[in-house]
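Just so it is clear, the values below take in all heavy atoms, side chains as well, and ignore hydrogens, waters and symmetry mates. Model, not experiment: these values are computed from the prediction.
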Amino acid sequence: MNQSERRAPDSAREAAGAGPGTGGGPPRDGRTERGRRTREKIADAMLSLLDDGETQFPADRVAERAGVSRRLVFHHFADMGQLQDTAIARRLDQLAARIGPLPTEGPRETRVAALVGQRARILEWITPARLTMMRLENPTERVEFATRQVLDFARRRLAEVFAEELDRLPGGRRADLLNGLDAVTTWGAWYHWRSSGLDLDAARRTMEATVHALLAVTDRAPAPDPAAGGGPSSPPAGAPSPPPAH
């Protein structure tokens, strides 16, 4: 995966209160490693409650789910807001692990199928947590910013995968098409299809057909872009002139 494919998830994770990944860092001593595992266990307990549809996360409830004491929760986290930020950062780690490279060249059918297959898996996976987050009364600014970063990253991936088609259009129409592709490949559209009764495969096929329909506009010669000052196109050379107006 190239650098641009990982930049946004890493930025979102850091925005949610976690540092860069530690896979290449120095070895940890036993006490530090145990502390890290305990922090992850507590954060995973909050995520488990989130996935169960709960919107309130009292320390006692989180501690019970994690199998630790309430005192230990506050030993590792200054307050529940910091725990929430850490839990969301951990969920972003899990999300990043599910984002693989996508083809940016080759037949359109291959690129559409790859993108839609990946989006369908991820959107289905995040649905429980996404529904719960919509009901959160006071999401932290860090969580909101991290969510925005992930959405922006998803939009950039669309621009990369379908650059061949998007680059055929002038600026205003290119932006319109990218907006449409973004709308039908994010969670709002996915949840609409699934909550309307479509099963997983039917929702995936619907997304795929919609993406193909939107991209088909690039197979036709683009009309002049009014925003760019374009006027009516001139008749081709050798074509008869229109009759004079009376």
Side-chain angles (χ1 to χ4, degrees), residues 1 5-6 8-10 12-13 16 43-55 57 65 87-136 139 143-144 146-166 177-218:
M1 186 179 297
E5 289 172 329
R6 291 306 301 262
D10 287 345
R13 182 181 180 276
D44 284 343
M46 177 174 276
L47 289 174
S48 176
L49 294 172
L50 189 77
D51 289 339
D52 286 349
E54 299 195 26
T55 58
F57 307 101
R65 181 64 62 97
I88 295 301
R90 188 151 170 78
R91 178 51 51 91
L92 291 171
D93 274 345
Q94 297 166 355
L95 174 62
R98 292 170 178 258
I99 299 175
L102 292 171
T104 57
E105 298 177 345
R108 182 186 301 171
E109 291 77 9
T110 301
R111 289 179 284 127
V112 171
L115 180 129
V116 169
Q118 185 177 99
R119 292 285 169 100
R121 290 190 298 273
I122 290 173
L123 295 173
E124 185 71 12
W125 174 68
I126 68 170
T127 289
R130 188 72 180 86
L131 288 171
T132 300
M133 289 183 67
M134 289 174 64
R135 297 194 295 269
L136 288 178
V143 169
E144 291 181 338
T147 301
R148 182 71 259 167
Q149 289 284 307
V150 170
L151 293 174
D152 289 345
F153 171 70
R155 182 181 175 90
R156 288 199 300 273
R157 291 295 293 273
L158 285 171
E160 294 167 0
V161 172
F162 301 121
E164 177 184 338
E165 289 79 11
L166 289 164
L177 177 57
L178 184 55
N179 288 339
L181 291 168
D182 193 27
V184 302
T185 57
T186 47
W187 184 80
W190 182 258
Y191 180 65
H192 169 74
W193 292 324
R194 294 288 281 126
S195 63
S196 296
L198 297 186
D199 62 23
L200 186 63
D201 192 51
R204 182 195 56 76
R205 292 197 310 269
T206 301
M207 181 186 288
E208 188 167 342
T210 306
V211 170
H212 274 297
L214 287 170
L215 292 173
V217 71
T218 67

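Surrounding NE2 of H192 are at most 12 heavy atoms belonging to other residues, nucleotides or ligands under 6.0 Å away.
For the pair R119/L158, a side-chain contact is recorded, criterion being any heavy-atom separation below 4.5 Å from C-beta on. You'll find the side chain of M46 stays beyond 4.5 Å of the side chain of L50, heavy atoms only. In this structure, the side chains of T185 and M207 come closer than 4.5 Å at one or more pairs of heavy atoms. Contact check for L178 versus F162: no side-chain heavy atoms found under the 4.5 Å cut-off. The shortest distance between side-chain heavy atoms of L131 and W187 falls below 4.5 Å. A 4.5 Å side-chain heavy-atom check between L95 and W125 finds at least one atom pair inside the cut-off. For the pair L151/D182, no side-chain contact is recorded, criterion being any heavy-atom separation below 4.5 Å from C-beta on. V211 has its side chain within reach of V184: a pair of non-hydrogen atoms, C-beta onward, lies under 4.5 Å apart.
Classification of R156 and E160 as a salt-bridged pair fails, no side-chain N sitting under 4.0 Å from a carboxylate O. Electrostatic pairing of R108 and E164 does not count as a salt bridge here, judged by no charged N lying under 4.0 Å from a carboxylate O.
Shown here are the side-chain hydrogen bond (donor to acceptor under 3.5 Å, both in side chains) partners of S48, two or more places apart in sequence or in another chain: R65. By the side-chain contact (heavy atoms from CB on, under 4.5 Å) test, R121 is found to be paired with Q118, residues two or more places apart in sequence or in another chain being considered.
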Stepwise, does the salt bridge (Lys or Arg N to Asp or Glu O under 4.0 Å) test hold for R90 with D93?
-> CA-CA 5 Å; R90 188 151 170 78; D93 274 345; 5.4 Å; no
Audit row: W193, T210, side-chain contact (heavy atoms from CB on, under 4.5 Å) steps and yes/no = CA-CA 12 Å; W193 292 324; T210 306; 4.2 Å; yes
Run the numbers on L102 and R111 for side-chain contact (heavy atoms from CB on, under 4.5 Å), then give the verdict.
-> CA-CA 7 Å; L102 292 171; R111 289 179 284 127; over 6 Å; no
Chi angles and distances behind the side-chain contact (heavy atoms from CB on, under 4.5 Å) call for E208, L115 | CA-CA 9 Å; E208 188 167 342; L115 180 129; over 6 Å; no
Given side-chain contact (heavy atoms from CB on, under 4.5 Å), test R157 with I99 step by step and report yes or no.
-> CA-CA 11 Å; R157 291 295 293 273; I99 299 175; 3.0 Å; yes
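Between L214 and L177, the shortest heavy-atom distance links the atoms O-CD1, 3.4 Å. Taking every heavy atom of both residues into account, P103 and T110 meet most closely at CG-O, 4.4 Å.
Atom CD1 of I126 and atom CD of Q94 lie 12.5 Å apart (nearest 0.5 Å). Rounding to the nearest 0.5 angstrom, the gap separating the CG atom in D44 from the CG atom in L49 is 11.0 Å. Between the OH atom of Y191 and the OG atom of S196 there is a distance of 9.5 Å, given to the nearest 0.5 Å.
Side chain of D52 to main chain of E54: no donor-acceptor pair is present (N/O by atom type, distance under 3.5 Å, no hydrogens or angles).
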